[in-house]
Structures are given as structure tokens and as C-alpha cells.
Amino acid sequence: MVVTRFAPSPTGYLHIGGARTAIFNWLWARHKGGKFILRIEDTDAKRSTEAAMTQVLSDLQWLGLQWDEGPQIGGPNGPYLQSQRKDIYDKYIDQLIELGRAYYCFDTPEDIQKMREAAAAKKQNFLYPRPEKFPSKQDAENAADQGKPVTVRMIMPDKPAVVEDLVRGTVTFAPDQLSDFIIKKSDGMPTYNFAVVIDDALMKVTHIIRGQEHLMNTPYQQAIQDALELPRPTYAHMSVTVSDSGGKLSKRERPETLRKAIKSKQDIDPEALAESAGLTKQQLDDFIAGKSMPDMPVIDAMAEKIGVHLPEINVVDFFRSGYLPEALLNFTAILGWTPAHGKEIMQAEQLVESFDLARLTKSNSLFDRKKLLAFNTEHMRLVLPEKLLEHMKKYLEAIDSPVAQADDELLAHLLEINAGARTLADIELKCRFLFCENEKIQYDPKAVKKVLLKKDAQGLKMLHIVRQKLADLAKLEESTLEHMLRGLAEDYQVGLGKVAQPLRVAMTGTTVSPPIFESIKLLGRENTLARIDITIEKFTKAASDEN
RNA sequence: GGCCCCAUCGUCUAGUCAGGUCCAGGACACCGGGUUUUCAACCCGGCAACAGGGGUUCGAAUCCCCUUGGGGCUACCA
């Protein structure tokens, strides 16, 4: 049976690169009818947090990547948090020492640093000087008593290491490139390279699909497998997803974009900005100077305050920008993989069905958010209405939108009349006007000028006429509204736009809304008339000034 | 610096392993046009690539070498 795993370290949000790794592993397991395991690599106590782990789990679930074994659901090979598996690792480390394949070391980080620098000065690769005679267990205990750091190093065999990789082919590493490496840290925890090997073996993982950045780790991991006579899984090192700003996608991109935006905008009140994000002025200054890095919610708050769009990096970022998980799943899966049939738009079942590890791309790829948008537009159409409603409700709640007041029936209707929208955010934005108090409409100056005031305030005049007709209309139905407005346009020998746009601005403050007849009906006669009156009153004087 | 990986339109890619069917196909973006009550969607059309140089071969995007470019790794992080 095929067994794959995704093994994130819970040091932050799940970002799109990690998600891609998870997706490929999940796809392969599902394609083969195998098992997908989730394991949390939290051996770095300094950086791992429980909150981050919870976030990662919910991000995976949002994407629809359900695991068969792992946190929350357990399984026969647990525990699934590495921090809870220390005894297991210790057993194997002791075994390696007994076998003479690993040995104790007592160097301080400073000692190592010096050796490294010396090697660099001689332009040599750093190889840890393996001692002639290995320290005994007694030596290790004595050293510990004296307060020396005790670590354990794995011996690297003195022969070329060969990695057979599904994506890269056969890759060979010369022995003088491979140094004895630490498998047990002085805090007693295993290093990543050690823990993965043990866990993958114990959890019977058959296929390791991970980023190319792990290719160099493989010879080390294979050395442990060989020494312990563990089976070698099949490796597939995928290409890396890079950012359009160059280099691999990084969490730093968001704060950096924000920093640049703050610097480039003149009209920002630093005091107000700091306050809106709950920072002191000093903290804000430090951030701008690049000296400190606030938490993500703080970054988000500031971005919203000054109105800049930060590039989405984390899975939650995409959620909060109104993307569908189906679209993100599809698009991410297609980054570095193309199905044999060549069709790009696929839903989960089709992805699973056509996924093939042998068709992974070798070269790195750039995450193109524009193409994601196109995929999202497509999936907005593809997703079942009930599913879309579910996504919308979740989204509205997450961004704390006034549109969340709508009941299911209304919301479903709003979704329907906005077919063709690119994101949930687009729909939310377009429908906000329905949930706004009449007096609190924000008028976009450009819209007002263009639609109402220009050409001798024709728009405003039309509004008077429309108001009268609307008030006289017996019943607000789409058909009667359409008849009325089209008739009006005909009477005055103008296009429908000349009638509809002023109305739209009066109702929404902008030139954008759902289809106009629907919009009027939804807003209702009373509110529509009220907004027309407010608009007329507000801009009549402006119109006379203008002309 | 050392080691490793990669190289087709602006971007993601098909084609490369089994050389001819490829003056290179698709998608996104972009540009032009159409439809239209706004935005979006939709329809039609267009632009656009085998990084460079050597080989091998009757024939190379495909095989080999070099150059250049990009990326990754070089931790008591994962």
C-alpha cells in the first residue's frame, strides 16, 4: 500500500509552498488508494507553538486535505507529534552508538563555529573531524555533569552516496561533501534529519514527496536507514515555487510589501496607524526601519488601514481574499505537474484520478496570482450552489462583513445574481450597499462627478425623473422595473446606462452593483427613494458650482 | 566559495526518456474587436518561446560538451 505523509513544523501559518507539498502527497495517496499521514515536526521547542499547529490543521481541512492518521484522529502509529516521541528516538540513537555508527561529541557551538570558519578560510568544505576513539557512555555522563553540551553525531560512510529520485533521476554526492552530522541535540531532542527517518520508517511511509530543498538531506537520511537496516522509501523531490519578486515564496513578503507602502505614501498619520494596529509609535518606527516584525494580524490591520493589498502567501491569506479552496487546490496542484490529458481546470476527484508522480516538472515555477484568479472564476461557476453558499458564509464571518446579516435564502440569491464574479470578495463588496444605513453611504467622488454632475448635471436631472416614476410604480417587480426604466431611456433617446448609472450611484455610492433591476427590488422602494433623495439633496449645490 | 538541481512564449506548461508527424500546441496575462444597465462574465481575433556556442546525425526543442543565466543546500531549523 502507498503511504505518504505531510510533516509540517508548526512555526507559523501554512504557506502556499507547504500546502503544495501537502497536496501532492495527498493526491498520490488518494490516487493509489493508499494512506495520507499528518505528522507534526515540533522538535524545535523554541519555535513551535500550539496555536500554529491548530492553524495548520484548519488550513489543511479548508483545502479538503483530510488525513487518515495524525493529530485529532490518531492512528496505529502514533503519537503524531514528534515532541511526544522522544523515547522512541532515544532508543534508536543508543542503538546506533552501540553499533559504532554514531558517537558522542562535547563541542560548544562556538567550537564548531571556529572550525567552520577555519575551513572557510582555507576554502574547504567543512567536515567534522571524526575522533580516532569515540567517547564512552561514561565519558558522556561525565561531560554532562561538568555542564558540557552533549550531542550525538552520525558517521557518514566513506563512499559516494546515491539518491534515486523519481523527479531528478540518479543523483550522486561525493563523500568529501558529507560530514558527520548531529542526530541528537544537546537539549536531548533529535534533529530533523534523524527524526524523519525513524518516523517515516515506523509509520511505514512508502513515498516521500517534498521540496527540492530536501535533496541534500537525503544522503544523510539514507545513511541512517542503512545503519539501522530500515527500508528506503521512494523519493520525489519536487520543484520549488518561487515568488515573482525572485527567490522562493517567503512569509516576509507581506510585511515587506507593507513596509514599502508605508514608506512610499506621504499622507499617512503614523500615530493613527500605530494606534489602529495596537502598536506604540516606537514599535511602528522599528517595524518601518526593519528592526522588528509584528505578528500577522497586526500587519493585516495596518494594511487595511492604509488600503494596500498584500500578496497572499499563507493559505489563510487566500481564504481572506475570497478565494475558493477548490480553486487554490486545483491551481496549486497544477504548479509543477500537468496531467496527461492536458486539461487544467479540475475538481478534486479529477485531480486525484489523473495525478501522476511521474509527470512532475523539474524546473521551479512562479506562483502567478493572475492565473489563480482565472481558476477561481472558473471554480466559482463549477462549485455546487450549496457549497458556494457554505464558502460564502464562512468568508463573511471571517472578514466580519455586514453582508453576514443576510439569511441563507437571501445570500443564495445574491450568489446567484452575481454569477460570473471572480471571488467571494467581489460579491461581498458589491452587496454591501444592501446592509448599509441610507445616511451612511460613502460616495465615490469620481463616480459622482462622472455620473451625476457632468454635462450640466444630466445624471442628477435623470434621478429626479426616475424618482417620480419609481414612486408611482404600483409594484416593485423586476419586469415592471425593467419596463419602466427601459421606457424612460427610450423617451429621452438615451441608452439604459444613462438611466441606470445615476440610480446606481444613488443607491450604492459607486458605479458598481449587481444588475440594477435586482438591486432596486432588493433594496426596496422605501430605501431606494430615500437614497435618491439624499443624493439629490447632497449634490444639487455641487452641480450648480460645477457648471 | 563548495556541492547539487534546473533552462521552450511575459507566466504556467505540452513536446525531451524511445531524434523526423513541431517554421513548436494549450492555458493565464496582454493587445484589438464584439456583446452589454455598471463591474464581472461571455464570444471572436492577434502578439509571443526552443538562453548562447560547439559537436553527433541525412535530420535536434529533443542526444553529448562548454558558456551563460536562475534556483536550492551548505545549522545543536525543519
Side-chain angles (χ1 to χ4, degrees), chain A residues 7-11 41-44 46-48 82 105 107-109 112-113 116 119-120 123-126 149-153 163 165 167-169 171-174 176-179 181-193 195-196 211-217 237 239-240 242 244 246-248 331 334-338 340 342-345 359 361-375 377 380-381 418-423 426-427 429-430 447 451 482 485-486 489 495-501 503-505 508 510-517 519:
Chain A
S9 58
T11 55
E41 310 221 325
D42 55 351
T43 50
D44 185 354
K46 283 187 239 68
R47 298 199 303 156
S48 303
Q82 286 188 331
C105 295
D107 314 275
T108 65
I112 302 290
Q113 184 59 27
R116 221 177 269 290
K123 290 198 172 183
Q124 276 171 350
N125 204 32
F126 171 69
V150 179
T151 56
V152 177
R153 260 176 210 271
V163 176
D165 188 274
V167 180
R168 314 275 149 197
V171 185
T172 308
F173 300 88
D176 65 358
Q177 293 301 320
L178 304 168
S179 171
F181 63 103
I182 290 180
I183 54 177
K184 184 172 180 173
K185 300 187 262 187
S186 58
D187 69 359
M189 289 302 276
T191 55
Y192 160 77
N193 267 331
V196 233
Q212 193 209 120
E213 66 268 22
H214 287 286
L215 187 57
M216 282 340 121
N217 288 322
H237 287 95
S239 58
V240 173
V242 299
D244 39 15
K248 62 175 178 171
F331 180 66
I334 225 108
L335 254 197
W337 166 63
T338 22
K343 282 260 173 249
E344 290 192 323
I345 300 288
R359 289 184 62 88
T361 292
K362 290 179 173 184
S363 48
N364 292 168
S365 49
L366 198 126
F367 193 89
D368 181 359
R369 293 185 182 79
K370 288 227 181 100
K371 187 155 182 173
L372 202 220
L373 231 202
F375 271 57
T377 309
M380 292 279 285
R381 247 193 303 269
N418 280 294
R422 318 199 67 163
T423 64
D426 284 356
I427 297 179
L429 220 53
K430 261 206 275 188
V451 177
E482 176 156 9
L485 290 174
R486 284 201 190 279
L496 223 205
K498 287 275 183 282
V499 184
Q501 281 305 75
L503 197 45
R504 213 183 303 270
V505 172
T508 70
T510 73
T511 54
V512 177
S513 85
I516 195 75
F517 313 123
S519 297

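In what follows, chains carry the letters A, B, and so on, assigned in the order in which the sequence lines appear, proteins first and then strands, with residues in each chain numbered from 1.
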S.K.: So, does the side chain of Arg504(A) form a donor-acceptor pair with the base of U37(B) at under 3.5 Å?
M.R.: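 Flag set: donor-acceptor pair detected.
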
S.K.: Can you tell me how far C1' in A49(B) sits from the matching atom in G26(B), rounded to whole Å?
M.R.: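 Comparing C1' positions in A49(B) and G26(B) gives a spacing of 14 Å.
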
S.K.: Using atom P in both nucleotides, what's the gap between A51(B) and U13(B) to the nearest angstrom?
M.R.: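 15 Å, rounded to whole Å.
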
S.K.: For Asp42(A) and Gln82(A), indicate whether the former's side chain and the latter's backbone hold a donor-acceptor pair under 3.5 Å.
M.R.: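 Yes, the answer is positive, given that a donor and an acceptor are paired below the 3.5 Å cut-off.
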
S.K.: Please confirm whether the shortest side-chain N or O distance from Arg116(A) to OP1 or OP2 of C76(B) is below 4.0 Å.
M.R.: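 Yes, within the criterion.
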
S.K.: Hey, does Val240(A) reach any base, or is it just sugar-phosphate, or nothing, if we go heavy atoms under 4.0 Å?
M.R.: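 Nothing, no heavy atom under 4.0 Å.
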
S.K.: Separation of Arg168(A) atom CZ from C5(B) atom P, in whole Å?
M.R.: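 Between P of C5(B) and CZ of Arg168(A): 9 Å.
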
S.K.: Calculate the interatomic distance between Arg359(A) atom CZ and U16(B) atom P; express it in whole Å.
M.R.: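 Taking atom P of U16(B) as the reference, CZ of Arg359(A) is at 9 Å.
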
S.K.: When the C1' atoms of A40(B) and G46(B) are compared, how many Å lie between them, rounded to an integer?
M.R.: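 Nearest-Å result for G46(B) against A40(B) at atom C1': 23 Å.
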
S.K.: Counting Watson-Crick and G-U wobble pairs only, both distances under 3.5 Å, name the nucleotide matched with U11(B), or none.
M.R.: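 With both distances under 3.5 Å, U11(B) matches A27(B).
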
S.K.: Which is true for Arg381(A) with a 4.0 Å heavy-atom rule: it touches a base, it touches only sugar-phosphate, or it touches nothing?
M.R.: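 The answer is sugar-phosphate, as Arg381(A) gets under 4.0 Å only of primed atoms, P, OP1 or OP2.
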
S.K.: What interatomic distance, in whole Å, is found between P of G59(B) and the corresponding atom of A41(B)?
M.R.: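 Comparing P positions in A41(B) and G59(B) gives a spacing of 50 Å.
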
S.K.: Judged by atom type as modelled, is there a donor-acceptor pair below 3.5 Å linking the side chain of Ser9(A) to the main-chain atoms of Thr11(A)?
M.R.: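 Not a single qualifying donor-acceptor pair exists.
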
S.K.: Provide, to the nearest angstrom, the distance between the CG atom belonging to Asn418(A) and the P atom belonging to C42(B).
M.R.: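 Computing the Asn418(A):CG to C42(B):P distance gives 15 Å.
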
S.K.: Look at the side-chain N and O atoms of Thr338(A) and state whether any lies under 4.0 Å from the OP1 or OP2 oxygen of U13(B).
M.R.: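 Checking U13(B) against Thr338(A), no side-chain N or O comes under 4.0 Å of OP1 or OP2.
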
S.K.: Would you kindly give the CZ-to-P distance between Phe173(A) and C3(B), to the nearest whole Å?
M.R.: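 Rounding to the nearest Å, CZ of Phe173(A) and P of C3(B) are 13 Å apart.
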
S.K.: Using the P atoms only, state how far G25(B) lies from C50(B), rounded to an integer number of Å.
M.R.: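 One P to the other, the span is 13 Å.
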
S.K.: With rounding to the closest Å, how many angstrom separate the C1' atoms on G2(B) and C17(B)?
M.R.: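 Between the two C1' atoms, the distance is 31 Å.
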
S.K.: So do the side chains of Leu485(A) and Leu503(A) get within less than 4.5 Å of each other, counting heavy atoms only?
M.R.: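 Yes, side chains in contact.
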
S.K.: Tell which nucleotide pairs with G59(B), taking only Watson-Crick or G-U wobble pairs whose two distances are both under 3.5 angstrom.
M.R.: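 Pair assignment: G59(B) / none.
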
S.K.: Assign each of Lys371(A) and Pro514(A) to its nearest nucleotide of RNA chain B by heavy atoms, then name whichever residue's nucleotide is nearer the 5' end.
M.R.: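 Nearest-nucleotide comparison on RNA chain B picks Lys371(A).
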
S.K.: Which part of the nucleic acid does Asp426(A) contact within heavy-atom distance under 4.0 Å: base, sugar-phosphate only, or nothing?
M.R.: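 Counting heavy atoms under 4.0 Å across all strands, no contact is made by Asp426(A).
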
S.K.: Taking the nucleotide of RNA chain B with the nearest heavy atom to each, does Phe331(A) or Ala374(A) sit closer to the 5' end?
M.R.: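 So the residue in question is Phe331(A).
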
S.K.: Hey, does Thr43(A) reach any base, or is it just sugar-phosphate, or nothing, if we go heavy atoms under 4.0 Å?
M.R.: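 Counting heavy atoms under 4.0 Å across all strands, the contact made by Thr43(A) is with sugar-phosphate only.
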
S.K.: Using the C1' atom as the reference point in each nucleotide, state the distance between G70(B) and G32(B) in Å, no decimals.
M.R.: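 Those two atoms are separated by 34 Å.
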
S.K.: Using a heavy-atom cut-off of 4.0 Å across all strands, would you classify His214(A) as base, sugar-phosphate, or nothing?
M.R.: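 Base: the residue His214(A), judged by heavy atoms under 4.0 Å, touches a nucleobase.
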
S.K.: Specify the separation, in whole Å, of atom CG of Leu485(A) and atom P of U38(B).
M.R.: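 Going from CG in Leu485(A) over to P in U38(B) covers 14 Å.
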
S.K.: Report which part of the nucleic acid Asp107(A) touches: base, sugar-phosphate, or nothing (heavy-atom distance under 4.0 Å, all strands).
M.R.: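 Answer is base: heavy atoms of Asp107(A) come under 4.0 Å of a base.
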
S.K.: Take atom CD1 of Ile183(A) and atom C1' of A78(B), then tell me their distance rounded to the nearest Å.
M.R.: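 Value for this atom pair: 17 Å.
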
S.K.: May I have the distance from Gln501(A) (atom CD) to U37(B) (atom P), rounded to whole angstrom?
M.R.: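 About 11 Å, once rounded to whole Å.
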
S.K.: With both distances under 3.5 Å as the test, what is the Watson-Crick or G-U wobble partner of G32(B)?
M.R.: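 Base-paired to C44(B).
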
S.K.: Does the structure show a Watson-Crick or G-U wobble partner for G1(B), both distances under 3.5 Å? Name it, or say none.
M.R.: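 U74(B) - that is the nucleotide pairing with G1(B), both distances being under 3.5 Å.
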
S.K.: Output the rounded distance in Å from CG (Leu366(A)) to P (G72(B)).
M.R.: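 Roughly 12 Å, once rounded to whole Å.
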
S.K.: With a 4.0 Å cut-off on heavy atoms, is Gly211(A) in touch with a base, just the backbone sugar-phosphate, or nothing at all?
M.R.: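 No contact at all - Gly211(A) keeps every heavy atom at 4.0 Å or more from the nucleic acid.
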
S.K.: Categorize Lys498(A) for me: base, sugar-phosphate, or nothing, with a 4.0 angstrom heavy-atom threshold over every strand shown.
M.R.: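 It contacts nothing in the nucleic acid.
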
S.K.: Would you mind classifying the nucleic acid contact of Ala174(A) as base, sugar-phosphate or nothing, using non-hydrogen atoms under 4.0 angstrom?
M.R.: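 Touches nothing.
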
S.K.: Contact between Thr151(A) and Lys184(A) at the side-chain level, heavy atoms closer than 4.5 Å - yes or no?
M.R.: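 No, every pair of side-chain atoms sits at 4.5 Å or beyond.
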
S.K.: What about Lys430(A), does its side chain sit under 3.5 Å from the base of C39(B) through a donor-acceptor pair?
M.R.: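 It does, because a donor-acceptor pair links the side chain of Lys430(A) to the base of C39(B) below 3.5 Å.
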
S.K.: Does OP1 or OP2 of U13(B) have a side-chain N or O of Ser365(A) closer than 4.0 Å?
M.R.: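 Yes, such a contact exists.
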
S.K.: Looking at every heavy atom in both Glu41(A) and Pro10(A), which two are closest together, and how far apart are they?
M.R.: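 That would be O-CD, 3.5 Å.
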
S.K.: Describe the nucleic acid contact of Leu215(A) in one word from base, sugar-phosphate, nothing, applying a heavy-atom distance below 4.0 Å.
M.R.: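 Leu215(A): backbone/sugar contact only, no base atoms under 4.0 Å.
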
S.K.: Could you please name the partner base of G69(B), counting Watson-Crick and G-U wobble pairs only when both distances are under 3.5 Å?
M.R.: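 G69(B) is paired with C6(B).
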
S.K.: Would you mind classifying the nucleic acid contact of Phe181(A) as base, sugar-phosphate or nothing, using non-hydrogen atoms under 4.0 angstrom?
M.R.: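 Touches nothing.
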
S.K.: Over all strands shown, is Thr377(A) touching base, sugar-phosphate only, or nothing at heavy-atom distances under 4.0 angstrom?
M.R.: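 Sugar-phosphate, no base atom in range.
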
S.K.: Please name the residue in the list Lys430(A), Arg504(A), Gln501(A) that meets the side-chain hydrogen bond (donor to acceptor under 3.5 Å, both in side chains) test with Ser513(A).
M.R.: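 The side-chain hydrogen bond (donor to acceptor under 3.5 Å, both in side chains) with Ser513(A) is passed solely by Arg504(A) among Lys430(A), Arg504(A), Gln501(A).
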
S.K.: Do the side-chain N or O atoms of Lys362(A) get closer than 4.0 angstrom to the phosphate oxygens (OP1, OP2) of U16(B)?
M.R.: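 For U16(B), OP1/OP2 do not have a side-chain N/O of Lys362(A) under 4.0 Å.
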
S.K.: Counting any heavy atom closer than 4.0 Å, what does Thr151(A) reach on the DNA or RNA strands: base, sugar-phosphate only, or nothing?
M.R.: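 Base, at least one base heavy atom under 4.0 Å.
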
S.K.: What's the gap between C58(B) and C66(B) when it is taken at their C1' atoms, as a whole Å value?
M.R.: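 After rounding to an integer number of Å, I get 26 Å for this pair.
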
S.K.: Considering every strand and a 4.0 Å limit on heavy-atom distances, what is the contact class for Gly342(A): base, sugar-phosphate, or nothing?
M.R.: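 Touches nothing.
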
S.K.: Does the side chain of Arg422(A) get closer than 4.0 angstrom to OP1 or OP2 of A41(B) through an N or O atom?
M.R.: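 For Arg422(A), the contact criterion (side-chain N or O under 4.0 Å from OP1 or OP2 of A41(B)) is met.
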
